[in-house]
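No experiment lies behind these values; they were computed from the predicted model shown.
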Amino acid sequence: MSDKKGSAYGTPATDTSFRRSYDLDEYAQKAKVRETAEREEAKARYEAKMAGKKYYKPMTGDETHTRARRDVIDLEANVGKTTLVPAGAGQGKRGRGAGFYCAACDLTFKDNIQWVEHVNSMQHLRNIGETGEVKKATADDVHRRILEVWERLQEQKKASTTTLKERLEMREEEATKEREARRLKRHEELARKKAERESADKVKVEYGDDVRIEGEHDEDDMMAAMGITGFGTSKKK
């Protein structure tokens with residue numbers, strides 16, 4: 001008769017050693033650190049409020065300068081769409097709800113004006129790792145930025161083409177540019193070879209015909225090393 005107190009794996013039924021164990025001291029230390037940080041943040045918020053200022057998240061030193069937005073804010077992306085929001089998920093602006101949601105700040109805005117103002121606010125910039133200060137641009141930065149904008153406009157133009165005539169015109173323009181690039185490359189190669197020939201002729205003029213140009217007499221040297229003085233003919237005169 002089998003032992004009713006045992007399990008199918010041969011271990012006692014009360015054995016819970018397979019369960020995950022937690023270090024209570026470690027988690028108590030983490031809770032203490034979190035509570036200390038929350039108290040310091042609450043104190044900083046209170047001091048900023050008493051001074052008539054707005055509280056911002058303190059910088060850690062890893063932030064970058066604020067740059068111009070590369071992408072256009074699409075305010076009509078969710079028009080005509082249905083979004084399922086859990087009941088009680090958001091309280092006021094805090095939490096994810098129906099509207100424009102910011103994952104970095106965990107805030108939801110009901111209209112596009114508040115959303116755009118939040119995206120440009122210092123609170124949002126600090127949460128995404130930016131200082132809110134703009135780096136002074138140099139002439140090279142401006143030139144590079146102009147090229148980037150021009151390339152992006154060209155890509156948008158290519159993506160928006162729909163008619164066959166526009167596509168053929170774009171293909172012809174690209175083919176013209178490729179031909180021009182090949183022509184410039186061919187001219188550069190011819191100019192380089194011409195310069196090399198002129199340099200070699202100049203050396204021969206200055207030092208006479210007996211000067212040895214690299215690679216010019218390799219075949220003669222090989223024949224001399226093999227003992228071949230020349231190729232004659234067996235035809236009788």
Between A104 and N127 the two heavy atoms that sit nearest each other are O-CB, 4.0 Å

Is any side-chain heavy atom of K49 closer than 4.5 Å to a side-chain heavy atom of R45? no

For E180, the side-chain hydrogen bond (donor to acceptor under 3.5 Å, both in side chains) test, sequence neighbours excluded, returns R183

Would you indicate whether the side-chain heavy atoms of E189 and R192 approach each other to under 4.5 Å? yes

Given the rule that I, L, V, M, F, W and Y join up when any side-chain heavy atoms are under 4.5 Å apart, are L125 and V119 in one cluster? no

Charged tip of K30 within 45° of Y27 ring normal and under 6.0 Å: yes

May I ask you to decide whether R179 forms a salt bridge with E172, counting only side-chain N to carboxylate O separations under 4.0 Å? yes

Rounded to the nearest 0.5 Å, how far does CZ of F109 lie from CD of E117? 9.5 Å

Any side-chain heavy atom of R197 sitting closer than 4.5 Å to one from K194? yes

More than 12 heavy atoms from other groups under 6.0 Å of CG on L190: yes

Using every non-hydrogen atom in the two residues, find where D106 and Y101 come nearest and quote the distance to one decimal. OD1-OH, 2.8 Å

Would you give the length of the straight line joining atom OG1 of T108 to atom CZ of F100, rounded to the nearest 0.5 angstrom? 11.0 Å

Heavy-atom closest pair (H118 atom, H124 atom, distance to 0.1 Å) is O-CB, 3.1 Å

S199 side-chain N/O to E196 backbone N/O, donor-acceptor pair under 3.5 Å: no

Find the distance between CD (E188) and CG (L184) and round it off to the nearest 0.5 Å. 6.5 Å

Answer yes or no: is there a side-chain heavy-atom contact under 4.5 Å between E173 and T176? no

Is there a donor-acceptor contact under 3.5 Å from the side chain of T36 to the main chain of K32? yes

